[in-house]
Structure formats: structure tokens, C-alpha cells
Amino acid sequence: MIRLFVTLTTFFLYILPANAGFDETINELTAPVASFVGSVVFFKISVLGAQLPLVVLWLVVGAVFFTLYLGFVNISGFKHAIQLVRGDYADPDSPGEVSHFQALATAVSGTVGIGNIGGVAVAVTIGGAGATFWLIVAGFLGMSTKFVECTLGVKYRTDNPDGSVSGGPMYYMRKGFEERGMTGFGKFVGTFYAIGIFIGALGIGNMFQSNQAYVQLNTVAGGALDGLGWLIGLILAAVVFAVIVGGIKSIARVTEKIVPFMAIFYCLFAIIVILMNYASIPEAIANIFTGAFTGEGVTGGAIGALIIGFQRAVFSNEAGIGSASIAHSAVRTPEPVTEGYVSLLEPFIDTIVICTITALVIGTSQVADPSFAGEATGVAMTSAAFERQISWFPLPLAFGALLFAFSTMISWSYYGLKGWTYLFGEAQMGQTIYKLIFCAFVAIGCMVQLGPILDISDALVFLICVPNILALYFLAPIVRREMLSYRARLKTGEIKRYKH
Amino acid sequence: MSNSVLVAIDGSEGGNRALQFASDRAKLGGAKLIVIYVIEWSPYTFNTPEENAERHTRREQEIERATTGVVEPAAALLKASGIEYETVVRHGAPAETLINIAEKYDVQQIVIGRRGQSGIKTLLFGSVAGNLVQTSPVPVVVVP
């Protein structure tokens, strides 16, 4: 394995002339691909002067439908979700399996990534302060979508002969449609989704993350890493390689343990910065509301803000993409719907809490000094907002961004792998090929500009949400039935609460 | 309250001494022994998706290892000396699990061995014996 890595590295170094020109070449090569993929997936229709990508509409309509169809489960199920995570309903006679808390923590560390820091800045730059409002609305509605997908993920997962589990949209598509007598169609969308998540893993869960981690490192280094994207990329790829191919799980374990604390640390400092900008808070909040409905100074007005808000929210909390259901399916429970409840908390933590906090850091800074970020976008803009108040913060932020990026990449390498093994089976050779491709894209992510990366990532992500939401519509009645039955049994006490 | 004693073993010397002590007392008083092996585990750790997917298999392996490696040999000893016993293998936080099982079996006392870990470690994480003594509803014997 080590020899393989050395060979690959030598190969990379051989083809890489060690100068800025290489990053540019890669950039020039990817830009047209990005714009082509983007134009296909983001087929736009004109709504009141704003360009509405059909796929965003697809997600919004889905989320609204599930929220209504399940009777606002995102509100009514919230308290129960917390009880489940606390272990109130865990049978004390059979401990030792994956707990609700663990499944949630794993899924959250996959979703809390650079999107929460950099993605929000992108939303505010393009969509104005009003995008924040729609971001929150999208997070709220996304809770229902997650509920549906994660319930299905557990219900239709596959127990492998070796005792491990494989779950996720491709499995609920295949089995769910089979149950409804649509075997052929189920196989088709299952395969389509598996291809989508495998390719999509290279965008949102990979290139975007490594790209923004590099950008933040470069910002901290004062531009000293300009043109050295390939080097940082190779280093990052090497660490990812060590974990996913080399099996050095200790690195992943350490990251998994640090990331939650980093997230808390990040929110804490973000709140401090917001409080330091206290004079700007009322105006910043007012801007969010007025911008949401008037969209002043933003292309496409209020609709423009809405579209951007929704787009970035999905990118961050992954509701509708189906990825989280892969992580949640590891829970062994006789009641799949419990995992649906728990997953409600994900968009809440990711979008309604963390993204909103980031948006307020940027928003209050903008009110205090509209030109605070200069030309910076993405994570660099968020970093500038922190720097205004806490001069040394970009450094720990870079460290945090790197860890966020890393843990998201590790989670997504697993999601992509599940798509891959669904398609090609569990053979080791195939899995190694997939992992090598994944590592190569980590490196490429650092060499390309944010624009094309975002286009490709967005396009790929939305590509997988098309078959996923379609399947969710078909299978939602099953989820609703399970939910109602579960609720009834909860009421009669048939489902026991062990801790009070 | 039934005439039974809960004794915790973990394959260590301390655990063996606890078992020895408990079985001696059980023989004298005609008590039943509940022998428990607690596999340290918490539902609140952070894992990778892969660890979660493999958790079920891991759990079975852990139980298997504890049962064949530690609990069965202990049971063989008790059987040989004609003591009535029952065995339990359970995942969880040691002190908390011991208390739950003590309540479930309605035992008269809990017997555990001392680990004798370093001062720093105890300072940071507390000791099982210390926690147990603080919270147990029944008398606890700590065998040195």
C-alpha cells in the first residue's frame, strides 16, 4: 500500500511542474466542464425577473410537501427527538449497539463542514442579507425531508453477511419500489442514485472542502501559499489516503472527537464577535428580514435571495440529498421512525444554529463596515469578519476549517464508497480504486478556483437529489404510516420510556 | 432482599481477588453469586460512519471475548466449588451498570476489586470504586 502511494506521489510530482502555472492549467481545464455541467443541471426558468433553477424548485416543493404531509413533524417531533438522543427510550437490557446520539453525531460531523463557514458567506455575497432568512426557512423545511429519508434509510437497509450494515437511498429505492411492484424502476433509480452519490462525493464532500481549507490557510499565511495549491492538495490527499486506504483509523477517530468541540468553539467565538458588534445587531437582523422580501440591491430581488438561500442551505445540511440516511442506517432499532426523529435535529444544528450564527457574524460586520472583506469571498470573507474584532482568530479558524473539511471528506469518502460498492460489489480491489480516485480529487480541489468548484459541486449535489426526492414522494406514505403507528404506541405506553 | 451478592470481574488480578473473596463469603453464608463483566462503553462517543456500520459485529465479538475469556473460566471455578451463580455480560459505564444490575437482581452487596490506577488518572476520570461507593444503594466491598 505504501509503495502504491509513493508511486502515485512520484507520478504527481513528475507531471506537476512546481510553479503557479500548473494550478492555472487545472483551473482552465475544469472551468468549461463546470459551466457545461452547471447549465444542464441548473436549467433555469424565469420567475418574476429572477432565474430559478428547476432543481431548487424541486427541492423546495419536496420539503414543503413533506412538512405538510407529516403534519409539521419538524415542530411536533422536536421534543421527542431530544428525548431519543438523550437515551430516554434506550432499552437498558441491550446496550452496546450504535446509539441515537452516535448516529446523529456522525451524521452531523459529515454535514458541518466548510459550508457552514464559507457557504454562508457565498450566500450573503450573492443573495444579500435576505438570503439568510431563506436559509433558515430552508433548514426548517429540510428537517422534514431528513425525517423521511432517514426513516427509510433504517427501514430498508441491508445487513451484510459479515454483520456490517449498508443503507441509504440506493437501498430504499430498490427495496421500496420492489415492495410496490415496481422492481425495474427501483433498480434503475437505485443505480442512478449510486452513480450520483459516488460522483457527487467528489464535489461537495471533497473538492469544495479541500479548496476552502487551502484558501483559509493561504489567507492566514498572507498569500505565501499562492500557486502552491498543488502542494497543500497533495499533503491533504496524503492524510486522507493514510486514513481511508492505509486504514490509519486513529487519525479519523481523533478528528471525530475534536470536530464537535471545534464546532462549539466556533459558535462561541462567533457569538462573541456578534456581541462585540452589538451596535449593528438590530440593523443586521432588520436587513435579513427586509432583504428576504424586497431583496434590495440583489440580482433577482427577493426571489434571488430565496433561491440562493435555499441552494446554500441544502449544500450545507444535505437534506434531500440522501447522504445522511447512509450514516443513520447503522442504528439497530425495531422502530425505523425513531431515527427519522433524531435526524430532524441535523438541519436544525447545521443550518438554523450554525449557519445563522455565521450569517450574523458577517451581517453585523457588514453593517459596521460595508467594505470589511474587500474582494474576499467564501471562507476568506467569514475570516475577515472575525479578524475585524479578534485579530488572531483567522489562525484557529484555519485550523478549524481544516478539521471540518477533513471530517467531512472522511464521511463523504464513506458515502461515495457505499455508492461504489452498491454498483460494483464489495471487492477490495474496486474499493481501493475508488479511494484513490477520491484522494486525487482532494488534491485537485486545492488547485482550482472557488467559482468552478462551486458550480461542479452544486451541479453534482443537485443531480443526486432528483432521484432521491422522487423516491421520497413514492415512499412517503410508508413513512407516514410508521410515524402514526409509532405515535399511537407512544401514547398508549406500548413503547416504553426507561428514563424520566 | 434476596440472599445474593454481585461480584464484578474483568480478567484482572483485582477482579480475581474479588471473585475469590465473594465466593468464600458465599460459601459460608449460602448466598447466590451474580458474576458480572462490564464492557466499558458509552452511548455518547463520536464515531466514524465506518465504525458505526461495523458496531454490531464488534459488539458480538466483545461479548464473545468476555464470555469465553473471563466469565466462563470464573463460572467453572464456582461450579467446581458448588456455589449457586448466574453470569451477566453487559456494555455500559462500570459504576452505573453495576448499580442497575444490583437493583435488578436485588442483591445484598456488591464486591469489586481495586484497580490501583495512578493518581492523575483517578483525578481526571474518577475511579470505578470511588463512584460506586458514592452512589450504590447497597453496601460495597472493595477488595484490595
Side-chain angles (χ1 to χ4, degrees), chain A residues 85-87 90 92-110 157-168 243-244 247 249-261 323-324 326-332 407 410-415 417-418 498, chain B residues 6 8 10 34-71 86-107 124-125 128 132 135-137:
Chain A
V85 172
R86 270 203 320 229
D93 282 332
S94 61
E97 294 284 1
V98 177
S99 68
H100 285 305
F101 176 90
Q102 284 164 335
L104 178 70
T106 304
V108 167
S109 90
R157 64 136 179 258
T158 293
D159 292 289
N160 301 321
D162 67 353
S164 65
V165 290
S166 292
V243 175
I244 65 173
K249 290 193 177 133
S250 50
I251 302 177
R253 255 183 232 135
V254 170
T255 325
E256 292 295 324
K257 281 164 188 61
I258 298 177
V259 162
F261 296 103
S323 47
I326 299 177
H328 281 280
S329 62
V331 170
R332 274 178 194 259
S407 74
I410 298 296
S411 292
W412 271 87
S413 76
Y414 178 78
Y415 299 158
L417 181 66
K418 286 285 138 184
Y498 296 95
Chain B
L6 178 67
D10 58 358
I34 314 293
V35 180
I36 184 170
Y37 185 118
V38 182
I39 302 167
E40 279 203 73
W41 173 83
S42 161
Y44 304 113
T45 54
F46 301 105
N47 307 329
T48 61
E50 222 156 0
E51 283 175 312
N52 283 348
E54 289 164 1
R55 181 62 213 155
H56 181 67
T57 322
R58 261 314 115 68
R59 177 181 185 265
E60 312 258 282
Q61 286 168 350
E62 286 163 3
I63 293 175
E64 168 72 21
R65 217 175 301 143
T67 308
T68 55
V70 181
V71 176
E86 224 174 290
T87 61
V88 181
V89 174
R90 182 65 64 95
H91 282 82
E96 197 188 316
T97 309
L98 289 179
I99 289 169
N100 288 342
I101 298 295
E103 281 170 350
K104 190 176 165 190
Y105 284 88
D106 195 20
V107 301
L124 285 173
F125 305 109
V128 174
L132 193 63
T135 47
S136 173

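Numbers restart at 1 for each chain; the letters A, B, ... are given by sequence-line order, proteins then strands.
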Winner by heavy-atom pair count (cut-off under 4.5 Å) against chain B, out of A:Val98, A:Ile326, A:Val85, A:Val108 =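 That would be A:Val98.
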
task = Pick whichever of A:Ala103, A:Ala105, A:Pro260 has the most heavy-atom pairs under 4.5 Å with chain B.
result =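 When all of A:Ala103, A:Ala105, A:Pro260 are compared, A:Pro260 has the most.
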
message = Less than 4.5 Å to any heavy atom of chain B: does that hold for the side chain of A:Val331, its backbone, both, or neither?
response =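 Neither the backbone nor the side chain of A:Val331 comes within 4.5 Å of chain B.
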
Cross-chain donor-acceptor list, chain B x chain A, under 3.5 angstrom:
from: B:Ser42; atom 1: O; to: A:Gln102; atom 2: NE2; distance (Å): 3.1
from: B:Pro43; atom 1: O; to: A:Ser99; atom 2: OG; distance (Å): 2.6
from: B:Tyr44; atom 1: OH; to: A:Arg86; atom 2: O; distance (Å): 2.6
from: B:Thr45; atom 1: OG1; to: A:Gln102; atom 2: NE2; distance (Å): 2.8
from: B:Phe46; atom 1: O; to: A:Lys257; atom 2: NZ; distance (Å): 3.3
from: B:Asn47; atom 1: O; to: A:Thr106; atom 2: OG1; distance (Å): 2.9
from: B:Glu51; atom 1: OE2; to: A:Arg253; atom 2: NE; distance (Å): 2.4
from: B:Asn52; atom 1: ND2; to: A:Thr106; atom 2: OG1; distance (Å): 2.8
from: B:Ala53; atom 1: O; to: A:Val165; atom 2: N; distance (Å): 3.3
from: B:Arg55; atom 1: NE; to: A:Gly96; atom 2: O; distance (Å): 2.6
from: B:Arg55; atom 1: NH2; to: A:Gly96; atom 2: O; distance (Å): 3.0
from: B:His56; atom 1: ND1; to: A:Glu97; atom 2: OE1; distance (Å): 3.3
from: B:His56; atom 1: ND1; to: A:Glu97; atom 2: OE2; distance (Å): 2.6
from: B:His56; atom 1: ND1; to: A:Arg332; atom 2: NE; distance (Å): 3.1
from: B:Thr57; atom 1: OG1; to: A:Asp162; atom 2: O; distance (Å): 3.2
from: B:Thr57; atom 1: OG1; to: A:Gly163; atom 2: O; distance (Å): 3.4
from: B:Arg59; atom 1: NE; to: A:Pro95; atom 2: O; distance (Å): 2.8
from: B:Arg59; atom 1: NH2; to: A:Pro95; atom 2: O; distance (Å): 3.0
from: B:Arg90; atom 1: NH1; to: A:Pro92; atom 2: O; distance (Å): 2.8
from: B:Arg90; atom 1: NH2; to: A:Asp93; atom 2: OD1; distance (Å): 3.3
from: B:Lys104; atom 1: NZ; to: A:Asp93; atom 2: OD1; distance (Å): 3.4

